[in-house]
Amino acid sequence: MDDIKKFCEILRKRSYEHAEAMKRINDLPGMMVSIIRQELDSMVRAIYLLSISDFDERKRLIKQTLSGHKWTKLTSNGKSKIITDREMVGLSNILQGWTQSVYKFACSFIHFSNYHDYSSVNPFTQIDSAEQKNILDYLRNYHGGPMNDKPSFNELANYFPRVFDKIAGNLKCYINDLENNEIK
C-alpha cells in the first residue's frame, strides 16, 4: 500500500472511531466537543495537504506522519520549521469560514480549562462576542439554530452531533480528494 492510501486509511479509521464514540456519549457534552476537535484536526490536515500543488511535498508530509514526525517545511533561509496547527487552521478557515472559532472553542475541552465547569458556568459566555457570533452563524447556517444569541451549553450540545457529522462528511470528501491527487 502506498503512503497516501495508508494515510487516508488512518484518517478513515480515526473518523470511524470518532463517529462510534459520538453515538455512545450523547450525554457527555464536554467529551463530544473533544471528539469534534479531534475530527476537525483531521479535516484541517487534509485541507492543508490538498492546498499543496507539489505532490512530492504532499507525500513528504504524509511520510512524516507515518514515521511519527511533526510536519515541517523549509523556510526562505533553508531551515526546517514545524508547520503549526495555527497555520493549518488559518488556511482551513479561509476555505470554510468557521473553522477557527470552532477549533479554538473545542481546544478548551481538549486542554483542561475553566470550560470543564460547564455544568455551573456556560463556557460559551466566556468567549469573545466575535467568536460567539462566528459559532452562532455557523450553527444557524448549517444546522438551523440556535435562535437565541446567548444559548445555554446544553442548548449548544444539542447541535454537537450535527456539527460532528458535517465535519466528518467534509473530511470524507477531502480524503477522497487526497486519494485522487486533487488540489484545492
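Computed from a prediction, not measured in an experiment: that's the story for all the values here. Excluded from the calculations below are hydrogen atoms, water molecules and symmetry mates; all remaining heavy atoms, backbone and side chain alike, are included. For this chain, numbers begin at 1 and follow the sequence in order.
Distance alone, capped at 3.5 Å, is enough to place a donor-acceptor pair between the H116 side chain and the F109 backbone. Between the side chain of D54 and the main chain of D56, a donor-acceptor pair closer than 3.5 Å is present.
Linking Ile, Leu, Val, Met, Phe, Trp and Tyr whenever their side-chain heavy atoms come within less than 4.5 Å puts V89 and L95 in one cluster. Taken together through direct or relayed side-chain contacts under 4.5 Å among Ile, Leu, Val, Met, Phe, Trp and Tyr, I36 and L28 form part of one hydrophobic cluster.
Scanning both residues, N122 and Q126, for their nearest heavy atoms gives O-NE2, 3.7 Å. Heavy-atom minimum distance, T72 versus E57: O-OE2, 4.1 Å. I52 approaches R58 most closely through the heavy-atom pair O-NH2, 3.0 Å. Closest of all the heavy-atom pairs between S92 and T99 is OG-OG1, 3.1 Å. Nearest heavy atoms, P151 versus F124: CD-CE2, 3.8 Å. Pairing each heavy atom of R12 with each of N176, the nearest pair is NH2-OD1, 2.9 Å.
Rounding to the nearest 0.5 angstrom, the gap separating the OH atom in Y48 from the CE atom in M43 is 15.5 Å. We find the CD-CD1 distance between E179 and I4 to be 9.0 Å, quoted to the nearest 0.5 Å. Here the CD1 atom belonging to I110 is positioned 10.5 Å from the CG atom belonging to L40, to the nearest 0.5 angstrom. One distance of note links CZ of R60 with CH2 of W71; it measures 10.5 Å at 0.5 Å rounding. The distance from atom CG of L11 to atom CG of L178, rounded to the nearest 0.5 Å, is 7.5 Å. With values rounded to the nearest 0.5 angstrom, S42 atom OG is found 11.0 Å from I47 atom CD1.
Between V163 and H143 the shortest side-chain heavy-atom distance falls below 4.5 Å. K166 has its side chain out of reach of R162: every pair of non-hydrogen atoms, C-beta onward, lies at least 4.5 Å apart. Using a 4.5 Å cut-off on side-chain heavy atoms (C-beta onward), N114 and V121 make no contact. The shortest distance between side-chain heavy atoms of T65 and K70 does not fall below 4.5 Å. Contact check for L136 versus P146: side-chain heavy atoms found under the 4.5 Å cut-off. The side-chain heavy atoms of I35 and I25, taken from C-beta on, include a pair separated by under 4.5 Å. A heavy-atom distance below 4.5 Å is not found between the side chains of R14 and E17. For the pair F105 and I135, the minimum side-chain heavy-atom distance is below 4.5 Å.
The ring-ring contact (aromatic ring centres under 6.0 Å, His included) analysis of residues 156-180, with sequence neighbours excluded, yields the pairs F153-F160.
A side-chain N or O of T75 and one of N77 form a donor-acceptor pair less than 3.5 Å apart. Side chains of S113 and H111: no donor on one and acceptor on the other come within 3.5 Å. Checking D117 against S120 by side-chain atom types alone, a donor-acceptor pair falls below 3.5 Å.
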Carefully, step by step, assess K81 and E87 under the rule salt bridge (Lys or Arg N to Asp or Glu O under 4.0 Å).
-> CA-CA 12 Å; K81 175 185 177 259; E87 289 175 77; 3.2 Å; yes
Under the side chain to side chain contact (heavy atoms under 4.5 Å, CB included) rule, what do L91 and V44 come out as? Steps first, then yes or no, please.
-> CA-CA 8 Å; L91 174 67; V44 299; over 6 Å; no
Evaluate side chain to side chain contact (heavy atoms under 4.5 Å, CB included) for S15 paired with E39, printing each intermediate quantity in order.
-> CA-CA 6 Å; S15 186; E39 190 76 355; 2.5 Å; yes
Please lay out, stage by stage, how K6 and E9 fare under the test salt bridge (Lys or Arg N to Asp or Glu O under 4.0 Å).
-> CA-CA 5 Å; K6 181 67 177 170; E9 178 184 297; 3.6 Å; yes
Where do D85 and R45 land on the salt bridge (Lys or Arg N to Asp or Glu O under 4.0 Å) test, with the steps shown first?
-> CA-CA 9 Å; D85 288 356; R45 289 173 191 286; 3.1 Å; yes
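Across D41, L49, N93, I83, a single residue satisfies side-chain contact (heavy atoms from CB on, under 4.5 Å) together with M88, and that is I83.
Counting heavy-atom neighbours within 6.0 Å of R140 CZ, excluding the residue itself, gives a total above 12. The local environment of NZ in K63 is sparse, with at most 12 non-hydrogen atoms from other residues, nucleotides or ligands closer than 6.0 Å. More than 12 heavy-atom neighbours from other residues, nucleotides or ligands sit within 6.0 angstrom of NZ on K73. With a 6.0 Å radius and a threshold of 12 heavy atoms from other residues, nucleotides or ligands, Y16 has its OH atom at or below the threshold.
The aromatic rings of Y142 and W98 sit perpendicular, their planes meeting at an angle over 60°, well past the 30° parallel limit.
For E131, the side-chain contact (heavy atoms from CB on, under 4.5 Å) partners are S101, K104, I127, D128, not counting sequence neighbours.
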